[in-house]
Amino acid sequence: MSTFNAESTTNDVIQGISLSGKVAVVTGASSGLGVETVRILAGAGATVLMLARNKDKLQGVAQDLREANPGASIDTEIVDLADLDSVRRAAAAIVDKYPAIDILINNAGVMACPLARTAQGFEMQFGTNHLGHFLFACLLVPALTNSARVISLSSGGHKFGRMDFDDPNYQQRNYEKWSAYGQSKTANALFAIGLDDRLKSRGVRALAVHPGVIMTELSRHMAKEDFDLLSARLPEGQEMTLKSVEQGAATSVWAATSPALAGEGGVYLEDCHIAQAATPEGEGGVESYALDHADADRLWVLSEELVGQVFTF
Ligand SMILES: NC(=O)c1ccc[n+]([C@@H]2O[C@H](COP(=O)([O-])OP(=O)(O)OC[C@H]3O[C@@H](n4cnc5c(N)ncnc54)[C@H](OP(=O)(O)O)[C@@H]3O)[C@@H](O)[C@H]2O)c1
């Protein structure tokens, strides 16, 4: 299915693909993988709407991208995914301005932060990484074209924690920052399944992506002990394989644009392939609990309850 691999870059996977006339929306576009994703989609001719929470930072990045490619069609919008009011405001403005969206990449994320709560009181990682994107994507559904793809940035970190449906927001259990990241990234993978199940009959497909391990601002909350802990989790004798940002963003870009994925949805991708099942010996792969359709449905209902809105589409 794919001639690409862990070393493939965004430039490799976009070869021969024109996105002229297409509209792409990318969250978390002020840093890391989001910037590279925008750069390559805009370079292939898409109009790209960049979203982030910090206006000055976002506009600085957008300006750099426009200077590097004066022909690029790049727009910006502010959203704080940790505040559902901000999500609702941004989504309404976007649907008004862009009634036909071909690609949505839910890329923004926070990792392993100390216990903090979103504006509505949700645990910060579950609230930002999953619930903010859940509401955002659902509100954008009326604008998605009939061949749109929705990409959900999950992570190999989903292995640190499955969904705790009884206490998703750490109200009863002790907070543990890696389990909380794991839960949020499991939720990202399950959301791709839940959305795909609901929208595939009209041609919209949703896919989850693990980008690899890339040095970005995502590690801002990590201390040396955290790097040691992650290395210690690797199978005996294996070292962590790092990717460049161009390699890291390649799987998102491949997921969003490759003709090789036509007809695919509800899958978890890594290294520009559909991932294998995780094994104790392997570094990659996807846990079965992150691909469970019953859990995806359960998460959907829970998410609707938490954001206070039911979606019928
Ligand atoms: N890098 C890796 O090794 C790796 C591995 C697996 C998965 N991932 C996933 O890949 C995605 C991108 O990560 P990255 O490495 O590019 O990280 P990054 O450099 O830290 O970028 C994260 C982006 O998300 C934005 N963001 C954070 N909280 C937000 C909020 N409340 N509202 C709106 N935007 C918010 C950040 O905005 P600010 O600029 O304002 O902070 C930034 O633009 C994440 O979902 C991450 O979980 C990354």
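Ligands are counted one by one from 1 in listed order, and the atoms in each one are counted from 1 as well. Reckoned from all heavy atoms, side chains included, excluding hydrogens, waters and symmetry mates.
In Lys55, the NZ atom is not crowded: 12 or fewer heavy atoms of neighbouring residues, nucleotides or ligands sit closer than 6.0 Å. Heavy-atom contacts from other residues, nucleotides or ligands closer than 6.0 Å to CG of Asn146 number more than 12.
With Ser219, Ser31, Ala29, Pro211 as candidates, the residue nearest to atom 8 (N) of ligand 1 on a non-hydrogen basis is Pro211. The closest heavy-atom contact to atom 40 (O) of ligand 1, among the options Arg53, Met215, Met240, Glu270, comes from Arg53. The residue from Gly212, Ser154, Ala108 that puts a heavy atom closest to atom 26 (N) of ligand 1 is Ala108. Scanning Leu33, Thr37, Leu242 for the heavy atom closest to atom 16 (O) of ligand 1 points to Leu33.
Under 4.0 Å is where a charged nitrogen must lie from a carboxylate oxygen, and between Asp80 and Arg89 no such pair does. Taking a cutoff of 4.0 Å between a charged side-chain nitrogen and a carboxylate oxygen, Glu283 and Lys159 do not qualify as a salt bridge.
At the shortest separation from atom 3 (O) of ligand 1 among protein heavy atoms lies Ile214 N, 2.8 Å. For atom 33 (C) of ligand 1, the closest heavy atom belonging to the protein is Val79 O, 3.3 Å. The shortest contact between atom 22 (C) of ligand 1 and any protein heavy atom is with Gly109 O, 3.7 Å. Looking only at protein heavy atoms, the nearest one to atom 48 (C) of ligand 1 is Leu218 CD2, 3.4 Å. The protein non-hydrogen atom at the shortest distance from atom 14 (P) of ligand 1 is Thr216 OG1, 3.4 Å. Ranking the protein heavy atoms by distance from atom 6 (C) of ligand 1 puts Ser155 OG, 3.3 Å first. The protein atom (non-hydrogen) at minimum distance from atom 11 (C) of ligand 1 is Asn107 O, 2.9 Å. Closest to atom 42 (C) of ligand 1, if we only count protein heavy atoms, is Ser30 OG, 3.6 Å.
Here the two rings, on Phe191 and Phe134, have centers that are under 6.0 Å apart.
Looking at His210, its side chain does come within 3.5 Å of a backbone N or O of Gly156 through a donor-acceptor pair.
With a 4.0 Å cut-off on non-hydrogen atoms, Leu81 touches ligand 1 through its backbone as well as its side chain. Under 4.0 Å from ligand 1, the heavy atoms of Val110 that appear belong solely to its side chain.
Residues meeting the side chain to side chain contact (heavy atoms under 4.5 Å, CB included) test with Ser8, sequence neighbours left out: Phe4, Asn5, Asp12, Val13, Cys272.
Note: Phe122 CZ to Leu84 CG = 5.5 Å, rounded to the nearest 0.5 Å.
Looking at ligand 1, you'll find an N or O of Arg220 within less than 3.5 Å of one of its N or O atoms. At a 3.5 angstrom cut-off on N or O pairs, Val213 does not count as close to ligand 1. Between Asn54 and ligand 1, no N or O atom pair is found at a separation short of 3.5 Å.
Within the 4.0 Å heavy-atom shell around ligand 1 one finds Lys185.
The shortest distance between side-chain heavy atoms of Leu306 and Asn169 falls below 4.5 Å.
Among residues at least two apart or in separate chains, side-chain hydrogen bond (donor to acceptor under 3.5 Å, both in side chains) pairs with a member in residues 97-111 are Asp75-Lys97, Asp75-Tyr98, Asp102-Thr145.
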